[in-house]
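A, B, ... follow the sequence lines: proteins, then strands. Residue 1 opens every chain. Scope of the values below: all heavy atoms of this structure, side chains included, with no hydrogens, waters or symmetry mates.
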Amino acid sequence: MTTPDPTQPVVHLAGVGKAFPTKGGGETVALDGIDLDIAQGEFISLIGPSGCGKSTLLRLVGDLIEPTGGTVEINGKSAHQARVDRDYGIVFQAPVLFDWRSVEANVRLPLEISGVTGDERDQRIDEMLELVELGGFRDHYPHQLSGGMQQRVAIARALALQPALLLMDEPFGALDEMTRERLNAEVLRIWRATGKTVIFVTHSIPEAVFLSTRVVVMSPRPGRISHIVDVDLPQPRTEDSRESDRYYELVTEVREALRGRVKVAAAAVPSAERARAEGSFG
Amino acid sequence: MTAGSPTATRPGLAGWFSQRAGRILPPLVVLVVLLALWQILGQQGLIPRPLSTPSSILNAFSEHSEVLLRSGWATLLEALGGLFIGTTLGLVMAFAASRFIVARDILLPLAIGAAAIPLVALAPIFNNWFGIANPMSKMAMSAVLVFFPIFISATRGLVEVSPGALELMRSYAVGETEILRKVRIPNMLPFFFTALKVSTTLAFIGAIVAEYFGGTSEVIGRVVITAMFAGNFGLGWAGILLGAFAAIVAYLIVSAVERRAIPWYISLRDGEA
Amino acid sequence: MSDEREQGPPTGPADDGAAGERRRVPMPYRALGPNTSAWSSTSSREAELRRDPLADPEAGEIALDVGDVADDVAVHTRRGAEGVVGRWQTPLGRFARTALALALFFLIAGFIWETLKWFGGTPWRFENVLGTGVDYFHDPPFRVLQFSDRQLPHIWDILYELLEPFRRGSEETLLEFLLASALFTLRQAIIGFFVGAVIGIAIASIFVHSQRSERAFMPYVVASQTIPIVALAPVIALAVGLGPLAVIIVATYLTFFPVTISQLRGLRSPDPRAMELMRSYGASRWDIYRKLRFPASVPFLFTALKVAATWAIIGAIIGEGPGGVGEGLGKAIISFSQQYITGPEKLWATILIASLVGIAAYLAVRLAEVLVLRNRPGASS
């Protein structure tokens with residue numbers, strides 16, 4: 001694993017495009033002309049309607065699929081090299097834990113693959129489990145845990161090799177609102193404690209705004225970046241942050257961007273009134 | 001056990017007993033009733049003679065104990081031999097099929113077809129190939145029956161890995177061998193053991209049925225057939241029960257091995273918390 | 001099963017357990033039943049295990065339905081994902097796929113057969129191949145006894161034998177004789193199959209409504225199949241008198257168990273929420289059975305019927321065999337195995353016909369399955 005150069009963007013996307021061949025000889029263009037630079041320590045959310053290519057974009061960064069155009073660079077290397085060097089950890093929408101391994105063994109998987117052994121390995125596993133607050137469940141099996149707990153194990157596993165970059169693909173999509181909010185807070189805590197760069201794909205506007213330093217709004221057909229919202233909420237963010245005026249404004253800005261109406265939020269209209277007019281979030 | 005059931009709340013030893021009793025008693029009662037009925041009806045001549053009676057069967061066990069034991073042992077060896085051969089071949093072929101598309105395209109249709117045909121019809125062929133008195137002829141029959149379920153299940157287990165798991169492993173940039181060791185093989189184990197349990201029964205079926213078509217005189221199949229044809233039904237049924245007993249014991253052993261090998265699956269399947 | 005299960009999501013951080021504390025965790029998703037909630041790949045895997053007989057048949061089932069394995073494997077392999085779309089997805093398409101696999105079986109088996117003889121059989125000697133005036137001679141590099149013409153006749157010799165009269169003093173060809181025998185065996189097997197299916201469905205229906213009967217009798221149902229039951233076939237034949245009845249009984253016996261087990265699982269398979277819906281309509285137990293449980297069980301039933309069809313045939317053949325019952329395939333196998341020295345082709349021809357009968361039975365059930373289940377999603381497995 002290489003030490004990232006603080007002046008260089010961790011993730012550099014230039015003119016990235018992805019087209020999939022369809023039956024009958026045609027093509028669907030999933031992504032077109034994506035330009036994005038992500039600096040060290042940022043928390044980026046990708047949000048957009050179905051078909052906007054956000055998950056595809058995440059997978060391009062992870063070199064799980066190949067772009068049909070443009071370049072993807074991670075830490076100055078090609079995405080392929082970054083994957084070979086295991087520079088990132090990934091959390092999927094489903095926890096994808098191995099049924100036959102206990103929680104501890106699941107977190108151990110990347111360490112085994114990387115050839116980390118002995119005390120260092122055990123220590124790392126303990127650290128990770130402490131980080132996600134599942135220390136008491138090392139010997140449990142996945143099917144004995146709730147969905148939220150399984151995702152926390154998946155997060156611990158993704159962090160096991162201490163990669164500089166963390167990719168998360170709608171990790172909390174299958175969970176209920178309250179669990180999701182709680183896990184949001186946990187992800188932020190981990191992010192602050194480890195200083196990693198995070199790319200987070202989500203469907204949820206409140207989640208995107210609460211977590212991120214920047215929200216990248218995407219539009220579909222073909223997938224493009226339509227707007228980027230700078231989230232200037234102060235850190236550390238807590239549950240109270242979710243109730244601040246600025247938060248509502250940013251959520252509105254993101255929502256409007258999603259609707260195709262780019263509107264920079266002004267403080268003119270009292271936000272409580274606006275909130276009542278909007279109804280519930282998400 | 002639901003929260004509402006009365007035995008759940010009774011404390012201590014009495015509670016433990018009632019819980020066990022609730023599980024074992026009904027089948028036990030049925031067994032005793034059936035045996036009693038069988039004995040009575042048999043003695044009164046109210047059921048066909050070939051069905052014998054529990055008492056005649058017990059007699060046969062004591063009178064012909066050495067023959068039965070030797071035959072039981074011989075058949076057991078045939079079945080286990082066939083089980084071993086069939087399982088080994090099945091696993092080897094499954095690995096080949098999971099790795100090489102060509103092997104898969106050839107072997108899968110073969111296995112699917114073979115599952116629909118009466119393989120036991122091959123018993124006389126094996127008797128001719130290896131010699132009627134050669135236990136190998138019976139082992140071959142068992143091995144053929146055992147091979148297909150093992151091959152099919154193991155192939156499925158090796159191939160049908162969740163795409164999410166494969167994507168995860170790709171993110172770790174590991175090669176096919178690692179994926180085989182860390183993902184495919186553990187994934188295959190439940191499928192394999194399920195098929196192994198089925199195959200254990202099949203191995204005994206193969207051995208005994210092949211014996212029906214011919215074999216040395218001291219194997220279960222021949223003991224049963226000759227006894228039945230000679231009108232010695234007690235001995236015939238004794239032979240059958242012995243064969244069944246051996247098959248059940250083998251099955252239980254495989255189940256025990258399964259429990260040790262894949263405890264996580266047992267827990268998942270049986271819905272334990 | 002735990003009494004601590006709750007309905008609904010975890011209620012707060014305390015439930016998920018602080019570090020260092022080992023607590024029995026309430027499992028909300030499980031409370032809703034095995035096939036609900038896609039919270040985790042594990043619970044859906046669990047649901048899959050409970051639905052897929054091949055992944056987890058109940059103790060003691062003696063065979064696995066393998067017909068649709070090809071589809072499953074194809075979906076999971078790179079090349080295969082496209083192989084299971086389009087035309088193969090229609091009901092008749094799925095049937096055609098199975099039939100094709102079986103046809104392929106014969107082709108591949110035949111190819112391997114002749115290849116083995118090529119390498120280790122008796123020398124191949126043909127004069128005037130197919131009337132072209134060409135002679136052909138081949139001396140295999142090895143000699144394996146089992147591949148000789150005595151033990152493993154050439155396929156064309158077997159097929160030729162089918163078209164010849166097989167008995168002195170009669171014009172009847174072997175093929176006609178075997179087809180008549182097959183019909184005889186088939187008659188018994190079919191009767192036994194249907195009777196066994198009805199019994200199996202009945203027993204499963206009783207078990208699903210009465211836990212007490214299930215607990216009392218299930219161990220016997222299971223044990224009856226862990227015993228090498230097929231081995232009992234000739235015994236039953238002797239017991240009941242060497243006649244068609246014996247064969248029917250054997251076929252019935254071999255059918256009822258897989259049907260009972262699968263049907264029971266099928267009757268229990270409906271989503272508990274669907275059950276709740278029915279009860280909210282004030283439906284009686286009979287209504288629930290007719291409108292929910294039974295329709296839900298049909299796919300499971302067919303899985304068992306495919307297995308049972310094959311075993312009913314096998315049971316019929318073996319039941320006839322050693323006792324020489326009637327005029328069926330079992331008797332033919334016995335007679336021709338005795339004549340093996342003079343003419344191995346006849347025995348192989350019998351085995352071929354028996355195989356075709358087995359396959360025909362399987363395909364018949366498969367066709368019925370594909371048609372009955374044509375409107376269900378992903379019906380083939």
Checklist entry - Taking all atoms of both residues into account, what is the closest heavy-atom pair of B:Gly113 and C:Leu102, and its distance? => result CA-CD2, 3.4 Å
Checklist entry - Who wins among B:Gly221, B:Ala114, B:Gly236 for the most heavy-atom pairs under 4.5 Å with chain C? => result B:Ala114
Checklist outcome for this item: Value for CD1 (B:Ile106) from CG (C:Leu107), rounded to nearest 0.5 Å, stands at 12.0 Å
Item to check | Partners meeting side chain to side chain contact (heavy atoms under 4.5 Å, CB included) with C:Ile112 (sequence neighbours left out) | outcome: B:Leu110, C:Ile108, C:Leu116
Item to check | Spacing of B:Asn128 atom CG and C:Leu152 atom CG [to the nearest 0.5 Å] | outcome: 12.0 Å
Item to check | Value rounded to 0.5 Å, distance of CD1 in C:Ile318 from CD1 in B:Ile205 | outcome: 8.0 Å
Checklist entry - Looking at C:Gly358 and B:Pro118, what are the two nearest heavy atoms and their distance? => result CA-CD, 4.5 Å
Checklist outcome for this item: Turns out that what part of C:Leu347 lies under 4.5 Å from chain B's heavy atoms comes down to side chain
Checklist entry - If we only count heavy atoms from C-beta on, is the B:Ile125 to C:Trp348 side-chain gap below 4.5 Å? => result yes
Checklist entry - At their closest point, which heavy atom of B:Ala115 faces which heavy atom of C:Thr310, and how far apart are they? => result O-CG2, 3.4 Å
Checklist entry - Heavy-atom distance under 4.5 Å to chain C: side chain of B:Leu34, backbone, both or neither? => result neither
Checklist entry - Can you say whether B:Ala207 sits under 4.5 Å from chain C via the side chain, the backbone, both, or neither, judging by heavy atoms? => result neither
